[in-house]
2 protein chains.
Amino acid sequence: MDIQLKRGILEVCVLKAIKKEDSYGYKIIKDMKPYIEMSESTLYTILKRLEHQEMLIVRTEEFNSRLRKYYHITSKGLERLNEFVEDWRELMLIYQFVTKEDVSND
Amino acid sequence: MDIQLKRGILEVCVLKAIKKEDSYGYKIIKDMKPYIEMSESTLYTILKRLEHQEMLIVRTEEFNSRLRKYYHITSKGLERLNEFVEDWRELMLIYQFVTKEDVSND
DNA sequence: CACAATACATCATATCACGAAGTATATAAA
DNA sequence: TTTATATACTTCGTGATATGATGTATTGTG
């Protein structure tokens with residue numbers, strides 16, 4: 001799929017992936033794989049960005065003497081998801097502009 | 001609206017704007033305004049890109065001793081519009097992932 | 001012991017939308 | 001006449017962002 005088209009939705013996908021329950025990078029990628037694929041470098045960039053925007057908070061936990069960074073969505077992150085629905089509505093109107101049939105007026 | 005979300009659709013909006021009949025930069029912006037706004041620098045960048053990708057062809061015409069560059073969509077451009085519909089279907093599935101209700105299994 | 005899987009980090013690069021600023025003409029308003 | 005606005009296109013620099021490549025480190029698995 002066109003990369004540009006993915007850009008607007010990648011971030012909210014990550015938020016959604018941690019909405020139900022806290023999750024960590026490696027798992028997020030696997031959970032999203034059936035819907036949308038993203039490289040590790042992309043995900044960790046997004047996670048850092050979302051953290052910086054206070055849409056999620058991080059805690060580090062040890063699992064099998066290996067570190068895991070668990071991400072938890074904040075109210076700001078939930079708000080972002082709601083705003084996305086609004087934006088999508090607007091995008092649907094644009095989509096209709098792109099796909100509407102031109103009626104010829106000969 | 002979120003800029004990132006617009007990215008995937010800007011190009012096809014321009015293609016759509018010249019699909020029915022050949023048009024020129026200034027008019028394209030005005031025609032699209034009710035649906036989506038874009039700055040002149042953005043439009044002319046996109047037009048140049050689409051020309052380079054052979055999705056449209058250009059001819060220069062004089063109008064009131066002022067030059068106009070008319071853009072005409074090619075078969076490649078029309079193809080691009082069809083592919084966009086396919087991409088959009090895929091995007092809808094991702095959208096559903098983002099907005100679906102998580103059923104709690106307590 | 002080698003290799004895949006798990007888990008995260010960093011860097012350089014390419015693409016792209018956009019504001020700012022510029023060039024030039026025609027027309028309407030002061 | 002001067003000024004402002006609309007038309008029409010161009011160029012440049014910047015910031016945001018997705019991604020491949022590469023690296024580090026540990027835990028299974030064959």
Side-chain angles (χ1 to χ4, degrees), chain A residues 1-15 17-18 22-33 35-53 55-71 80 84 87 90-91 94, chain B residues 1-15 17-18 22-33 35-53 55-56 58-71 80 84 87 91 94:
Chain A
M1 194 175 69
D2 179 26
I3 303 167
Q4 301 306 315
L5 210 52
K6 279 168 68 180
R7 285 178 95 99
I9 210 164
L10 274 177
E11 248 186 49
V12 286
C13 276
V14 174
L15 285 175
I18 64 166
D22 298 356
S23 189
Y24 55 95
Y26 204 80
K27 186 168 187 295
I28 293 170
I29 287 183
K30 282 173 72 181
D31 288 346
M32 293 196 324
K33 199 148 198 164
Y35 305 97
I36 189 168
E37 292 191 41
M38 107 179 38
S39 72
E40 290 180 66
S41 54
T42 300
L43 177 67
Y44 289 112
T45 303
I46 289 175
L47 284 171
K48 203 158 279 176
R49 193 161 70 235
L50 288 172
E51 186 191 354
H52 195 255
Q53 293 170 346
M55 301 214 179
L56 45 78
I57 48 175
V58 196
R59 72 172 188 282
T60 304
E61 261 180 42
E62 201 177 308
F63 181 81
N64 268 20
S65 65
R66 200 191 286 130
L67 287 184
R68 269 189 195 163
K69 293 178 81 173
Y70 279 90
Y71 296 90
R80 172 80 162 83
F84 175 72
D87 279 352
E90 214 175 310
L91 198 64
I94 303 172
Chain B
M1 194 175 70
D2 180 26
I3 304 167
Q4 301 307 313
L5 209 53
K6 278 168 68 180
R7 284 177 94 99
I9 209 164
L10 274 177
E11 246 186 50
V12 286
C13 275
V14 174
L15 284 175
I18 64 166
D22 298 357
S23 191
Y24 55 95
Y26 205 80
K27 185 168 188 295
I28 294 170
I29 287 183
K30 281 174 72 181
D31 287 346
M32 293 196 323
K33 197 148 199 165
Y35 305 96
I36 190 168
E37 291 192 41
M38 98 177 50
S39 71
E40 290 180 67
S41 55
T42 300
L43 176 67
Y44 289 110
T45 303
I46 289 175
L47 284 172
K48 203 158 280 176
R49 192 160 71 235
L50 289 173
E51 186 191 354
H52 195 255
Q53 294 169 346
M55 300 211 180
L56 46 79
V58 196
R59 72 171 187 281
T60 303
E61 263 181 41
E62 200 178 308
F63 182 82
N64 268 20
S65 65
R66 201 191 286 129
L67 286 185
R68 270 189 193 161
K69 292 177 84 173
Y70 279 91
Y71 296 90
R80 172 81 162 83
F84 175 73
D87 280 352
L91 197 64
I94 303 173

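Quick note on labels: first sequence line is chain A, next is B, and so on, each numbered from 1.
With sequence neighbours excluded, no residue satisfies salt bridge (charged side-chain N to carboxylate O under 4.0 Å, His left out) with A:R66. Under the side chain to side chain contact (heavy atoms under 4.5 Å, CB included) criterion, B:I3 pairs with no residue at all, not counting sequence neighbours. Residues that satisfy the ring-ring contact (aromatic ring centres under 6.0 Å, His included) test with B:Y71, not counting sequence neighbours, are absent from this structure. Under the side-chain hydrogen bond (donor to acceptor under 3.5 Å, both in side chains) criterion, B:R68 pairs with B:Y24, B:Y70, sequence neighbours left out. Here A:Q53 pairs with nothing under the side-chain hydrogen bond (donor to acceptor under 3.5 Å, both in side chains) rule; sequence neighbours left out. Checked against side-chain hydrogen bond (donor to acceptor under 3.5 Å, both in side chains), A:D31 has the following partners two or more places apart in sequence or in another chain: A:K27. Residues passing the side-chain hydrogen bond (donor to acceptor under 3.5 Å, both in side chains) test with B:R7, sequence neighbours excluded: A:Q4.
Between A:L47 atom CG and C:dA7 atom C1' the separation is 12 Å, expressed in whole Å. A:L43 has its CG atom 10 Å from the P atom of C:dA9, to the nearest Å. Taking atom CG on B:L67 and atom P on C:dT25, their separation rounds to 10 Å, with Å as the unit. Distance B:D2 CG to C:dC18 P: 11 Å, rounded to the nearest Å. Distance CD (B:E11) to P (C:dC16): 7 Å, rounded to an integer number of Å. The CE-C1' distance, from A:M38 to C:dA7, rounds to 16 Å in whole Å.
A salt bridge does not link A:K69 with A:E61: every distance from a Lys NZ or Arg NE/NH1/NH2 to an Asp or Glu carboxylate oxygen is 4.0 Å or more.
For A:K27 and A:Q4, each mapped to the nucleotide of DNA chain C holding its nearest heavy atom, the one lying further toward the 5' end belongs to A:K27. Where A:L10 and B:F63 each meet DNA chain D at their nearest nucleotide, the meeting point lying more 5' is that of B:F63.
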Is there any protein nitrogen or oxygen under 3.5 Å from a nitrogen or oxygen in nucleotides 2-6 of chain C, and what are the pairs?
{"from": "C:dT6", "atom 1": "OP1", "to": "A:K30", "atom 2": "NZ", "distance (Å)": "3.3"}
{"from": "C:dT6", "atom 1": "OP2", "to": "A:Y26", "atom 2": "OH", "distance (Å)": "2.9"}
{"from": "C:dT6", "atom 1": "O3'", "to": "A:R66", "atom 2": "NH1", "distance (Å)": "3.3"}

Set out, line by line, the N/O atom pairs under 3.5 Å between protein and nucleotides 10-14 of chain C.
{"from": "C:dT10", "atom 1": "OP2", "to": "A:K48", "atom 2": "NZ", "distance (Å)": "3.0"}

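Contact between the side-chain N/O atoms of B:R49 and the OP1/OP2 oxygens of C:dA17 is found at a separation under 4.0 Å. Look at B:T42 and you'll find a side-chain N or O under 4.0 angstrom from OP1 or OP2 of C:dC18.
The CG atom of B:L5 sits 11.0 Å away from atom CG of A:L10, with the distance rounded to the nearest 0.5 Å. To the nearest 0.5 angstrom, A:Y35 atom OH is 14.5 Å from B:L91 atom CG.
The footprint of chain B on DNA chain D, defined by a heavy-atom cutoff below 4.0 Å, extends from D:dA6 to D:dT17.
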Listing, residues 37-47 of chain A side-chain donor-acceptor contacts under 3.5 Å, not counting sequence neighbours, or none:
{"from": "A:S39", "atom 1": "OG", "to": "A:S41", "atom 2": "OG", "distance (Å)": "3.2"}
{"from": "A:S39", "atom 1": "OG", "to": "A:T42", "atom 2": "N", "distance (Å)": "3.3"}
{"from": "A:S39", "atom 1": "OG", "to": "A:T42", "atom 2": "OG1", "distance (Å)": "2.9"}
{"from": "A:T45", "atom 1": "OG1", "to": "A:S41", "atom 2": "O", "distance (Å)": "2.5"}

